[in-house]
There are 2 protein chains.
Amino acid sequence: MRKGELTHQAILERAIQLASRVGLQGLSIGGLAEELQLSKSGLFAHFRSKTSLQVEILEAATALFTERVIRPALTQPRGEPRVRALFENWLTWERELVPEGGCIFVAAATELDDAPGPARDRLVQTQRDWLDCLAQAARIAVAEGHFHKDVDVEQFAHDENALLLGFHHSARLLKEPRAETWARRAFDALLRAARPQRS
Amino acid sequence: MRKGELTHQAILERAIQLASRVGLQGLSIGGLAEELQLSKSGLFAHFRSKTSLQVEILEAATALFTERVIRPALTQPRGEPRVRALFENWLTWERELVPEGGCIFVAAATELDDAPGPARDRLVQTQRDWLDCLAQAARIAVAEGHFHKDVDVEQFAHDENALLLGFHHSARLLKEPRAETWARRAFDALLRAARPQRS
DNA sequence: CGGAAAAAAGCACGGGCGTTTAGAAAGAGG
DNA sequence: CCTCTTTCTAAACGCCCGTGCTTTTTTCCG
């Protein structure tokens, strides 16, 4: 009754790490079980199939992401500070996961983009929510007068997200030391362009 | 002597398509053989291992990329037109591969970023070359006076590449119809910021 | 056209996969 | 403490994987 839920959670926690390294498809139940010193069938019993394991991994990762990236940003003042905080928190999220495989959503995005099914659906929803979140923060910044009135907030969200993807690419694949600098500079330019007055 | 090289090439051609859908790891020799109506061992004989197949796929894809994206851009006038052409050609490259799995390099990038080995090494080199190519085009634009003198061309290349990744993400995962519009608008903003005179 | 060389096929291997089933160990509640 | 339920294990399944080995078919060239 309680022990079960506990290991269930522990499995997911470890699975997130492993999946961000080897991918949601690359993750094997046997391998995950070994890492946790659990029997393969014992682990499997917690999830009725690999697909639902993948979905649960994405859901657990989404919860973690909300907790670590989005929620802390909401404590920041409305407007540009909050927009900045979202960006910085994501950078931290990615950086902290560097010893592991980096942001699991980025890894899953290219892996699942041609693989229809529940896992893909879940991921799409998460990504849509994230973009909406970024757009909403920008919208508030417009309302607060921090951004120019006719800033296209969806475009802004898209551009910001592209920078995050670019950072992941530079940092993880190319191991480029300047990746973080580049990402931050590009984001500063984005902010500058969005502000009302021409300097 | 000649027939061999011919099928070898045909295999790689098809493998590029398949790999951009299912990934370099996800690609199975049996599956590829079936698509080509070839025996598994017959296909395998062309490559001594799956790893070297993956490397050859990346090399063939790089050659194709150079042919389709880079070379045509070199016929454009030096400076901003060529910079634009590189961006547009990449968009076309990605768009034409949409019925297939989209740009194979983007797919491979997140798949291999935690998988050391020859395939990863080859991909990293290709990506570095691509970024250098973008930076070089920007450098020429600076020399031609199309871009401001103190534009950081490496930063520019990074930003441009991030937009391409963002486009892939929006178009392939989210199936966002506005993806191309967003990418182009963002790139226009990038160009605008790089031009010498303040409007 | 015939024979050497190349290319492709057939077959089998060891192994890991996801999944099922049956049973042992552990936990919880009266 | 005993029993019922939950949690975990052990073993096995059918399948497909990458990879060798052997044989057949095809291609090339004198």
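All of these numbers come straight from a predicted model, not from anything done at the bench. Note on naming: letters A, B, ... go to the chains in the order of the sequence lines (proteins, then strands), and numbering restarts at 1 for each one.
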*asked:* Parallel, tilted or perpendicular, judged at 30° and 60°: which one describes the rings of A/Phe167 and A/Trp90?
replied: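 A/Phe167 and A/Trp90: perpendicular rings.
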*So B/Trp130 and B/Phe65, would you call those rings parallel, tilted or perpendicular, with 30° and 60° as cut-offs?*
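B/Trp130 vs B/Phe65 ring planes: perpendicular.
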*asked:* Checking A/Arg120 now: which residues fulfil salt bridge (Lys or Arg N to Asp or Glu O under 4.0 Å) with it, not counting sequence neighbours?
replied: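 Listed in chain order: nothing, the list is empty.
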What is the distance from [atom1] of [X] to [atom2] of [N], rounded to the nearest Å?
{"X": "A/Leu6", "N": "C/dG27", "atom1": "CG", "atom2": "P", "result": "12 Å"}
{"X": "B/Phe47", "N": "C/dA8", "atom1": "CZ", "atom2": "P", "result": "10 Å"}
{"X": "B/Leu53", "N": "D/dC17", "atom1": "CG", "atom2": "C1'", "result": "14 Å"}
{"X": "A/His46", "N": "D/dT7", "atom1": "NE2", "atom2": "P", "result": "7 Å"}
{"X": "A/His8", "N": "D/dT6", "atom1": "NE2", "atom2": "C1'", "result": "15 Å"}
{"X": "A/Leu38", "N": "C/dA24", "atom1": "CG", "atom2": "P", "result": "20 Å"}
{"X": "A/Glu34", "N": "D/dA10", "atom1": "CD", "atom2": "P", "result": "13 Å"}

_Regarding A/Leu43, tell me which of base, sugar-phosphate or nothing describes its non-hydrogen contacts under 4.0 Å with the strands shown._
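A/Leu43: no heavy atom of the nucleic acid under 4.0 Å.
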*Does one side chain, of A/Gln136 or A/Arg139, offer a donor that lies under 3.5 Å from an acceptor on the other?*
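Per modelled atom types, A/Gln136 and A/Arg139 side chains form a pair under 3.5 Å.
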*Hey, does A/His148 have a side-chain heavy atom less than 4.5 Å from the side chain of A/Val142?*
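In short, these two side chains do not touch, never coming nearer than 4.5 Å.
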*Is any side-chain heavy atom of B/Gln127 closer than 4.5 Å to a side-chain heavy atom of B/Leu131?*
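B/Gln127 vs B/Leu131: side chains apart.
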*Nucleotide-resolved protein contact map, nucleotides 17-23 of chain C, B/S/- at heavy-atom distance under 4.0 Å*: SBBB---
*asked:* Please determine whether a side-chain nitrogen or oxygen atom of B/Thr7 lies at a distance below 4.0 Å from atom OP1 or OP2 of C/dA8.
replied: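 Yes, because at least one side-chain N or O of B/Thr7 sits under 4.0 Å from OP1 or OP2 of C/dA8.
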